[in-house]
Amino acid sequence: MSNPAVPPRSLAEALRARDDDSLAALLRARPDLITPVPTDLTQLATRAGTRASVVRALERLDLFALRTAEALAVAADPAPYGELERLLTGDAGDPAVSAALPRALGTLREQALVWGDDDRLRLVRTARELLAPSPQHPSPTGLGPTVQEATAGMSPGRIQDIVTAAGLGSTHDAVSAVASLTALFTDRKRMAALLAGLPEESREVLSRLVWGPPYGQVTADPASHLRRLLDLGLLVPTAPGTVVLPREVALHLRGGRAHRAVEPLPPAVEPAATHRPQVVDATAAGQAYTALATVEELLKDWDEGGPAVLRAGGLSVRDLKRTAVALDVSEPVAAFWVELAYAAGLVASDGEADERYAATPAHDEWLEQPPAQRWARLAEAWLTATRTPGLVGGRDAKDRTLSALGPGLDRGAAPEVRHRVLTLLAGLPEGASASAESVLARLRWERPQRREEDLRSRLAEWTLKEAELLGVTGRGALSGHGRALLGAAAPRTPDADPRTPEPRGPGDKLPVHHRPAAVPEPLSAAEQATASAAAARLLAPLLPEPLDHVLLQADLTAVAPGPLRRPLADVLDVLADVESKGGATVYRFTPGSVRRALDAGQSASDLHAFLAAHSRTPVPQPLTYLIDDVARRHGHLRVGAASAYVRCDDDALLNEILADKRAAGLRLRRLAPTVLAAQADPASLLEGLRAMGFAPAAESAEGDVLITRAHAHRTPPRTPPEPVPDGPPVPDATLLAAAIRAVRAGDLASTAPRKPTDQPPLAAGELPRTSSAETLATMQAAVLTGEALWIGYVNAEGSASQRVIAPIRVEGGFVTAYDHTADEVRTYPLHRVTGVAELAEE
């Protein structure tokens, strides 16, 4: 452990000075650093400075923390706290920025992007390379290179000419001349006097470059006002025809500010409208019921086997349109419901040769659950899924159409964005809704550096629409059960608003592990299951109770004034056709629907008894006549397989069929007075006779009437699709504790002082190398003296590590020792010890 009184000389030393809580905060904020677990703190620091890791960390900074890092990138290295503050506040100062700066600096320190004390702040080298101005990668600050950088390729004579033109004394070398010019440009009074002597045209040129980009074009023979700027070094040529405004000049013209605007506080998500919480909950519950009905209807439509799977995977455009018509929704909404059922594990491909989509066995279990629990399962699947239905119909990187249920729809940022949007809604007063513009503005402030910023905004817009469709929100406001699903507490009071920074002075120290204005992270799987159960309990009383009756009307319709119990709904779906949906469903009875019920094995008496038992109104006479009439003719004709035949005891009826011109396509001929043979197959014959107005019944080879019931098609057991994470998952507390312990142990082994030997010093991370005889002798001597040793060890998997041990016993080719790095007694095979070294005395 380094001495906290001595300033750290490297990021590794700064990490070594942290406590375990601070290291845990770093690994939680940057989980890629723990995959795999680094061997020691030096390796952790090296990994934290790699380009990929730094880019990921910068992408997760909020706008003000990013502005702070950008300001450090254009400041001196190292920079004192005061210089950083002046770059952000300007000469005039800004109390809001000064108050928020410790929080932003705490974020950068916590994530190991900045290290050092307040008097020597250092930005990690890779971050400085990414954020500092360069001709290839302009800085978001709009600043250009320093005077020293801009004049690096300039001849010493030309530099002396600039110094002389600026009224400075000539120097004996170019280095001191550049230093003198830099001192002039950073001196506010002398710089103001120099600019005051310029013509208006010259000052106008500088004003056009001051906020960036700092590069401009000039001709080979520039005008006098441009020539004046070049002579004074206020513009410096970088290439033929190109000039740049030096950073020091731009900062003077900006009043010392590195950015035009820094926005230290996130934009507030203001309520757009406010409703009574009871109205919001009732609206959301009604939509939740509609969501359940829609998913059930989708799966019922695919019960006997759904659309075919495309060769590349997914639904065809035609099948998606057909599904949208069946659900009476638009195609994007149909894609949402299909993807939601897939994410919940209720639908999947059957995996057969002629592959089709169908309901899974989990669908049957889901149907048996109470409605609130069914909704909670759908809502939880939506909240955590990485599949993004809004992308359906778009194009991928290879210009291929993205189809529903197909590949290429996973976006790792989707769960985070959904969670964050709902969290912002949860922060409003109960019953308050927010405008999409204010939510998007807040998200852009929280993640301004995202490479897929446009996708992030679209994800937020889709989340607001999908939450309303699913019943998580009602009238744009988060419902009570939606708040429970999120695991959110009651709305925060103004005193707890994370946008209000704690007032701090410039000299105040902020703990390295401080988490400024932290964005709440999504719940773990166990926490989400608990939250979903709580949401189901809140939603259950708001859902309508299923009814056991309908209202029969004289126009051959039945009205269901609410949701029906499952047995009643299943029978009605066979006996009647759905004519309209909504708060009340209207069913219509037709000869075809009644025949469908008779084909399913029901008799006329069964249908009369069923309607009488479940109707709150008397059974209308037209409906009774319809059932009796269809039943009287049903099965009078029998169709079997010859290729196909028709038999009937009434030969006059067979004569009528033969005389009908519409029967010509069936190619019928009489075999006997009561039997007709056909060239068509039984199914086509049945369909043709029904189209002619008859009511034939199919029969088996034994002459029995075949009962035609729908056969449910199920896939083999399937698991829901696994979310595709956006980078490594956040480690839990157990993993963090184990990782920190391993890193500390490895660091102890790698930094333990060794006794000086004749051998050359080892490089960082290099294992000691000694002969087998020397290793054995040193181990045996340590057993007698009780001294600790530093060893290199290679395990059975080939992983090398350094350890500090105190040998207890050496025998049989093994050493038993107390391992200081593991804090326990362990036994090691001697042949796996690469070498040994004695530790220096404390």
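Just so it is clear, the structure is predicted and the values come from calculations on it, not from any experiment.
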Test Thr50 against Thr126 for side chain to side chain contact (heavy atoms under 4.5 Å, CB included), laying out the working first.
-> CA-CA 7 Å; Thr50 58; Thr126 308; over 6 Å; no

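- The residues Arg456 and Glu416 are annotated as salt-bridged, a charged nitrogen and a carboxylate oxygen being separated by less than 4.0 angstrom.
- Between the side chain of Arg442 and the backbone N or O of Pro267, at least one donor-acceptor pair lies under 3.5 Å.
- Residues Val836 and Thr770 share a closest heavy-atom pair of N-OG1, 3.2 Å.
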Side chain to side chain contact (heavy atoms under 4.5 Å, CB included) evaluation trace for Leu455 with Val417 = CA-CA 10 Å; Leu455 173 63; Val417 173; over 6 Å; no

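- Of all non-hydrogen atoms in Val54 and Ala48, the two that sit nearest each other are CG2-O, 3.3 Å.
- For Glu129, the salt bridge (charged side-chain N to carboxylate O under 4.0 Å, His left out) test picks out Arg125, with sequence neighbours left out.
- No side-chain heavy atom of Leu121 sits under 4.5 Å from any side-chain heavy atom of Leu108.
- Using a 4.5 Å cut-off on side-chain heavy atoms (C-beta onward), Pro415 and Thr386 make contact.
- Here CG of Leu15 is found 8.0 Å from OG of Ser22. Values are rounded to the nearest 0.5 Å.
- Closest heavy-atom contact between Trp115 and Pro8: CZ3-O, 3.4 Å.
- Annotation: the span from Leu486 atom CG to Leu425 atom CG amounts to 9.0 Å, rounded to 0.5 Å.
- Using a distance-only test at 3.5 Å, with no hydrogens or angles considered, a donor-acceptor pair links the side chain of Arg128 to the main chain of Ala73.
- Side chain of Arg387 to backbone of Pro407: no donor-acceptor contact under 3.5 angstrom is found.
- Note that CG of Asp281 is 11.5 Å distant from OG1 of Thr473, once rounded to the nearest 0.5 Å.
- Counting only N and O atoms by type, the side chains of Thr827 and Thr816 include a donor and acceptor under 3.5 Å apart.
- A donor-acceptor pair under 3.5 Å links the side-chain atoms of Ser479 to the main chain of Gly482, judged by distance alone.
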Given Leu736 and Ile34, is the side chain to side chain contact (heavy atoms under 4.5 Å, CB included) satisfied, shown in steps?
-> CA-CA 9 Å; Leu736 282 177; Ile34 205 175; 4.3 Å; yes

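- Nearest heavy atom pair, residue Ala484 against residue Ala534, reads CB-C, 4.1 Å.
- Arg374 places a side-chain N or O within donor-acceptor distance of the main-chain N or O of Gln369, the cut-off being under 3.5 Å.
- Put simply, the side chain of Trp375 gets close to the backbone of Leu470: a donor and an acceptor are under 3.5 Å apart.
- Looking only at distances, no side-chain donor or acceptor of Glu110 sits under 3.5 Å from a matching main-chain atom of Gly106.
- Here the straight-line distance linking atom CZ of Arg537 with atom CG of Leu539 works out to 12.0 Å at 0.5 Å rounding.
- With Val114 as the fixed residue, the side-chain contact (heavy atoms from CB on, under 4.5 Å) test singles out one of Leu84, Thr107, Leu72: Leu72.
- Proximity of a side-chain donor or acceptor of Arg420 to a complementary backbone N or O of Leu443 within less than 3.5 Å is not detected.
- Here the CD1 atom belonging to Ile791 is positioned 4.0 Å from the CD1 atom belonging to Ile805, to the nearest 0.5 angstrom.
- Looking only at distances, no side-chain donor or acceptor of Asp118 sits under 3.5 Å from a matching main-chain atom of Tyr81.
- The two residues Ala344 and Arg377 come nearest to each other via the heavy atoms O-NH2, 3.0 Å.
- Remark: Arg120 pairs with no residue by the salt bridge (charged side-chain N to carboxylate O under 4.0 Å, His left out) rule, at least two apart or across chains.
- Ring centroids of Tyr793 and Tyr828 are separated by less than 6.0 Å, placing the two rings close together.
- We find that Arg67 and Glu70 are joined by a salt bridge, their nearest charged nitrogen and carboxylate oxygen being less than 4.0 Å apart.
- Side-chain atoms of Leu409 and Glu339, non-hydrogen and from C-beta on, do get closer than 4.5 Å to each other.
- In summary, the side chains of Arg30 and Ser53 do present a donor paired with an acceptor at a separation below 3.5 Å, with no hydrogens or angles considered.
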Stepwise side chain to side chain contact (heavy atoms under 4.5 Å, CB included) check, Val347 with Arg718 = CA-CA 9 Å; Val347 68; Arg718 297 281 194 246; over 6 Å; no

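- Arg741 has no carboxylate O lying under 4.0 Å from a charged side-chain N of Asp20, or vice versa, which leaves the two without a salt bridge.
- The closest donor-acceptor contact from the side chain of Arg28 to the backbone of Leu23 lies at 3.5 Å or more, if one exists at all.
- Between atom OG1 of residue Thr834 and atom CZ of residue Arg769 there is a gap of 5.0 Å, rounded to the nearest 0.5 Å.
- Between Arg483 and Leu538 the shortest side-chain heavy-atom distance does not fall below 4.5 Å.
- Across all non-hydrogen atoms, the minimal contact from Gln111 to Leu26 is C-CD1, 3.5 Å.
- Looking at Pro807 and Leu789, their side chains come closer than 4.5 Å, going by heavy atoms from C-beta outward.
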